[in-house]
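Below is one structure, written out as structure tokens; comments come after it.
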Amino acid sequence: MSALAITSAANPRIKAARALWLRKTRQESGLFLAEGLKIIGEALAAGRAPKTLIYAAETAGHPIFEAAAAAAGERLQVSPSLLAKISKRDNPQLALGVFEAVTTPLEQLDPAAAPAFIALEGVRDPGNLGAIVRTADAAGAGAVVLVGETCDPFSVEAVRATMGSIFAVPIARASRKAFLSWRVSWPGAVVGTSLASALDYRDADWRAPVLALMGAEQSGLTPELATTCDVLVKIPMRGRADSLNLAVAAGIVLYRAMGL
């Protein structure tokens with residue numbers, strides 16, 4: 001299929017791509033934006049081809065671009081200024097991909113697939129969420145489970161922060177009720193984090209497969225989810241700070257849960 005050259009921001013295809021900044025549009029279309037050849041390359045490595053590849057002529061000849069162009073359902077060649085409008089950056093990446101947003105049902109997660117999984121309740125910051133997905137990928141965790149009302153892992157900001165790991169780590173979403181029902185059959189330890197706990201995270205029973213459970217940036221786990229944990233732990237603070245950034249804390253917990 002030949003590429004379609006587009007020069008106007010009013011073109012319906014460009015408007016549809018820009019609309020993927022909106023959560024409502026992503027939910028209705030089941031699509032999301034991924035920026036840059038690195039992330040597109042990670043998608044291809046995971047067997048995920050872009051539905052639409054939007055690019056500037058300067059990318060021609062790059063091996064990742066050529067592979068993506070061959071696999072894409074549609075190719076749109078645009079100017080860097082149009083890419084800037086889509087990505088809302090002054091210095092945009094020279095290639096964008098529109099991909100299908102894939103989630104995994106809870107019941108399809110296999111606890112035996114990895115030594116640890118992580119569940120997040122009520123996370124609000126897409127940068128934190130994306131960084132946790134990236135960390136889960138780096139640690140080899142089995143999945144990231146989003147519980148209750150969380151920010152969208154397929155938002156542009158979250159996808160940027162994953163650096164391509166959005167394509168490598170299974171993402172599951174569940175209501176609190178569905179999560180609590182699923183958690184009953186979890187075969188390993190369910191370890192939650194809480195500033196109120198007196199137990200150092202290094203001293204807990206991390207019986208694999210571990211389900212690590214962490215709450216929102218400001219409020220932590222709700223009582224409903226805290227009480228479902230086998231044990232609550234905290235990361236000790238030696239300085240004046242009384243808490244860690246959620247993504248940093250998740251990294252510490254995940255690597256301990258994985259036994260790394």
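The heavy-atom pair separating R124 from C151 by the smallest distance is O-CB, 3.6 Å. G164 and I39 make their closest contact through N-CG1, 3.7 Å (heavy atoms, listed as atom of the first residue, atom of the second, distance). Of all the heavy atoms in A17 and L33, the pair that sits closest is O-CD1, 3.5 Å. When all heavy atoms are compared, the tightest approach of T7 to L82 is C-CD1, 3.7 Å. For the pair A49 and L44, the tightest heavy-atom approach, listed with the atom from each and the gap, is CA-CD2, 4.3 Å. Contact detail for A250 and I132: the closest heavy-atom pair is CB-CG1, 3.8 Å.
By the rule that hydrophobic residues join a cluster once side-chain heavy atoms approach within less than 4.5 Å of another member, L213 and L246 end up as members of separate clusters. A single hydrophobic cluster is not seen to contain both V145 and L120; linkage of ILVMFWY side chains at heavy-atom distances under 4.5 Å, directly or through other members, places them apart. Transitive grouping of hydrophobic side chains (ILVMFWY, heavy atoms separated by less than 4.5 Å) keeps L109 and I166 in distinct clusters. The hydrophobic cluster containing V156 does not contain L129, counting ILVMFWY residues as joined when their side-chain heavy atoms lie under 4.5 angstrom apart, directly or transitively. Note on L199 and V191: same hydrophobic cluster, where clusters join Ile, Leu, Val, Met, Phe, Trp and Tyr whose side-chain heavy atoms are under 4.5 Å apart, directly or indirectly.
Without hydrogens or angle criteria, S181 side chain to A178 main chain gives no donor-acceptor distance under 3.5 Å. Between the side chain of E66 and the main chain of G61, a donor-acceptor pair closer than 3.5 Å is present. No donor-acceptor pair closer than 3.5 Å links the side chain of S165 to the backbone N or O of A168. Of the possible polar contacts, none joining the T193 side chain to the V233 backbone as a donor-acceptor pair under 3.5 Å is found. Side-chain atoms of T25 come within 3.5 Å of backbone N or O of A19 as a donor-acceptor pair. Without hydrogens or angle criteria, T59 side chain to Y55 main chain gives no donor-acceptor distance under 3.5 Å. Within the 3.5 Å criterion, the main-chain N or O of E100 finds no donor-acceptor partner in the side chain of K51.
When side chains are defined from C-beta on, L4 does not count as touching R75, because their heavy atoms never get closer than 4.5 Å. Looking at S29 and L20, their side chains come closer than 4.5 Å, going by heavy atoms from C-beta outward. Using a 4.5 Å heavy-atom threshold, the side chains of I235 and V253 count as touching. Side-chain atoms of E58 and P80, non-hydrogen and from C-beta on, do get closer than 4.5 Å to each other. Taking the side chain as every heavy atom from C-beta outward, L244 and M237 approach each other to under 4.5 Å. With contacts defined as side-chain heavy-atom distances shorter than 4.5 Å, the pair V133/I171 qualifies. The side-chain heavy atoms of D230 and D205, taken from C-beta on, include no pair separated by under 4.5 Å. Between L37 and H62 there is a side-chain heavy-atom pair separated by less than 4.5 Å.
Applying the side-chain contact (heavy atoms from CB on, under 4.5 Å) rule to R240 yields no partners; only residues at least two apart in sequence or on another chain are considered. Residues forming a salt bridge (charged side-chain N to carboxylate O under 4.0 Å, His left out) with R13 (at least two apart in sequence, or on another chain): E74. Applying the ring pair (Phe, Tyr, Trp, His ring centres under 6.0 Å) rule to W182 yields the partners F179, W186; only residues at least two apart in sequence or on another chain are considered.
The line from CG of D200 to NZ of K234 is 8.0 Å long, rounded to the nearest 0.5 Å. Rounding to the nearest 0.5 angstrom, the gap separating the CG atom in L94 from the CD atom in E35 is 11.5 Å. Within the model, atoms CD of E28 and CG of L22 stand 9.5 Å from one another, a figure rounded to the nearest 0.5 Å. Expressed to the nearest 0.5 Å, how far SG of C229 lies from CG of L221 amounts to 5.5 Å. Atoms CD1 and OG1, from I118 and T135 in turn, are 8.5 Å apart once rounded to the nearest 0.5 Å. Distance check, rounded to the nearest 0.5 Å: CG of L83 to CG of L76 gives 10.0 Å.
In the displayed structure, N91 atom CG is contacted under 6.0 Å by at most 12 heavy atoms of other residues, nucleotides or ligands. Other residues, nucleotides and ligands contribute more than 12 heavy atoms inside 6.0 Å of the NZ atom of K38.
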Using the rule given for ring pair (Phe, Tyr, Trp, His ring centres under 6.0 Å), can you reason through F99 versus F167, listing the C-alpha separation, both sets of side-chain angles and the distance that settles it, and then say yes or no?
CA-CA 10 Å; F99 290 88; F167 298 105; 4.9 Å; yes
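Each side-chain hydrogen bond (donor to acceptor under 3.5 Å, both in side chains) pair with one or both residues in residues 216-226, not counting sequence neighbours, appears once here: E121-T222, N128-E217. Applying the salt bridge (Lys or Arg N to Asp or Glu O under 4.0 Å) rule to pairs touching residues 140-154 yields R26-D152, D152-R173, sequence neighbours excluded. Within the structure, no pair that satisfies the side-chain hydrogen bond (donor to acceptor under 3.5 Å, both in side chains) test touches residues 102-116, not counting sequence neighbours.
Using bins of under 30°, 30° to 60° and over 60° for the plane-to-plane angle, the ring pair Y201/W206 lands in the perpendicular bin.
Under the 3.5 Å distance criterion, with hydrogens and angles disregarded, a donor-acceptor pair is assigned to the side chains of T228 and R183.
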